[in-house]
Amino acid sequence: QEHYGGLQGLTMAWIGDGNNVLHSFMMSAAKLGMHLRIATPRGFEPDLRITKITEQNSKEYGTKLLLTTDPLEAADSANVLVTDTWISMGQEEEKKERLKAFQGYQITMQTAKSAASNWTFLHCLPRKPEEVDDEVFYSPQSLVFQEAENRKWTI
């Protein structure tokens with residue numbers, strides 16, 4: 001909102017794990033007037049109960065929702081590209097399996113080529129290089145440090 005001047009009509013693409021951070025976006029995006037495009041590997045989709053609520057919210061608020069396994073499809077025309085850790089606390093023993101499942105989900109400039117011309121990148125940190133490459137993470141489109149600074153005020 002701070003960067004774009006508002007959220008209404010923006011498209012957010014989540015590329016990564018169907019985790020708690022994604023669930024928060026799913027529960028709020030439509031209510032804020034945002035379209036949501038989600039790409040997760042098979043077996044790592046968001047919780048079905050959250051998905052059903054998100055589908056209802058999208059209908060109610062007139063926004064679009066896409067669930068796919070294709071990161072480039074999710075990134076298509078998106079204003080905001082977002083990812084998060086692929087290996088959360090308590091999942092360390094699944095690291096090898098998860099890294100294999102998430103191959104092709106790293107956000108790169110190639111991913112961003114599908115996005116809108118005014119795309120930005122968010123990640124709630126800490127970030128691992130397999131989730132987003134340095135070129136995107138340290139690019140002028142990356143808002144991760146402003147995001148972290150803004151989070152500081154809610155803690």
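For this chain, numbers begin at 1 and follow the sequence in order.
When side chains are defined from C-beta on, W14 counts as touching V21, because their heavy atoms get closer than 4.5 Å. Contact of the L81 side chain with the L122 side chain is not registered, since no non-hydrogen atoms from C-beta on lie closer than 4.5 Å. At a threshold of 4.5 Å between non-hydrogen side-chain atoms, the residues K95 and E92 do not count as touching. W119 has its side chain within reach of V136: a pair of non-hydrogen atoms, C-beta onward, lies under 4.5 Å apart. Contact check for Q8 versus L32: no side-chain heavy atoms found under the 4.5 Å cut-off. Contact check for T83 versus F121: side-chain heavy atoms found under the 4.5 Å cut-off. With a 4.5 Å cut-off on side-chain heavy atoms, T11 and M34 do not count as touching. L36 has its side chain out of reach of T63: every pair of non-hydrogen atoms, C-beta onward, lies at least 4.5 Å apart.
Remark: side-chain polar atoms of S58 are paired, donor with acceptor, to backbone N or O of T54 under 3.5 angstrom. Formation of a donor-acceptor pair under 3.5 Å by the Q91 side chain with backbone atoms of S88 is found in this model. With hydrogens and angles ignored, the 3.5 Å screen pairs a side-chain donor or acceptor of H23 with a backbone N or O of D47. No donor-acceptor pair under 3.5 Å is formed between the side chain of R37 and the backbone N or O of A75.
Put simply, OG1 on T120 and NE2 on H3 are 5.5 Å apart, with the number rounded to the nearest 0.5 Å. Between the CG atom in L22 and the CD1 atom in I15 there is a gap of 11.5 Å [rounded to 0.5 Å]. Note that the CE atom of M27 and the CD1 atom of I53 stand 4.0 Å from one another [nearest 0.5 Å]. Going from atom CG of D76 over to atom NZ of K113 covers 14.5 Å, rounded to the nearest 0.5 Å. Atom CD1 of I50 and atom CD of E45 lie 14.5 Å apart (nearest 0.5 Å). Atoms NZ and CG, on K59 and N57 in that order, are 11.0 Å from each other to the nearest 0.5 Å.
For E73, the side-chain hydrogen bond (donor to acceptor under 3.5 Å, both in side chains) partners are T68, not counting sequence neighbours. With sequence neighbours excluded, the residues forming a side chain to side chain contact (heavy atoms under 4.5 Å, CB included) with P41 are F44, F102, Y105, listed by chain and number. For E147, the side-chain hydrogen bond (donor to acceptor under 3.5 Å, both in side chains) criterion is met by no residue, not counting sequence neighbours.
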Evaluate side chain to side chain contact (heavy atoms under 4.5 Å, CB included) for K31 paired with Y61, printing each intermediate quantity in order.
CA-CA 6 Å; K31 294 175 185 178; Y61 292 94; 3.6 Å; yes
Check the pair D84, N19 against side chain to side chain contact (heavy atoms under 4.5 Å, CB included), reporting the backbone distance first and the verdict last.
CA-CA 9 Å; D84 185 27; N19 64 17; 2.9 Å; yes
Could you check M26 against T51 for side chain to side chain contact (heavy atoms under 4.5 Å, CB included), going step by step and ending with a plain yes or no?
CA-CA 7 Å; M26 291 173 73; T51 300; 3.6 Å; yes
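Tested against V132, the residues T108, I107, T111 include a single side chain to side chain contact (heavy atoms under 4.5 Å, CB included) partner, I107.
For E93, the CD atom counts as densely surrounded, since its 6.0 Å shell holds more than 12 non-hydrogen atoms of other residues, nucleotides or ligands.
Cluster membership for I87 and F137, using ILVMFWY side-chain heavy atoms within less than 4.5 angstrom, is shared.
For the residue pair D133 / Q106, no side-chain donor-acceptor distance below 3.5 Å is found, with atom types taken as modelled. Side-chain N/O atoms of S139 and Q141 include a donor and acceptor closer than 3.5 Å.
Using a 4.0 Å cut-off between charged nitrogen and carboxylate oxygen, R127 and E131 do not count as a salt-bridge pair.
Shortest non-hydrogen contact noted between T40 and G16 is CG2-O, 3.0 Å.
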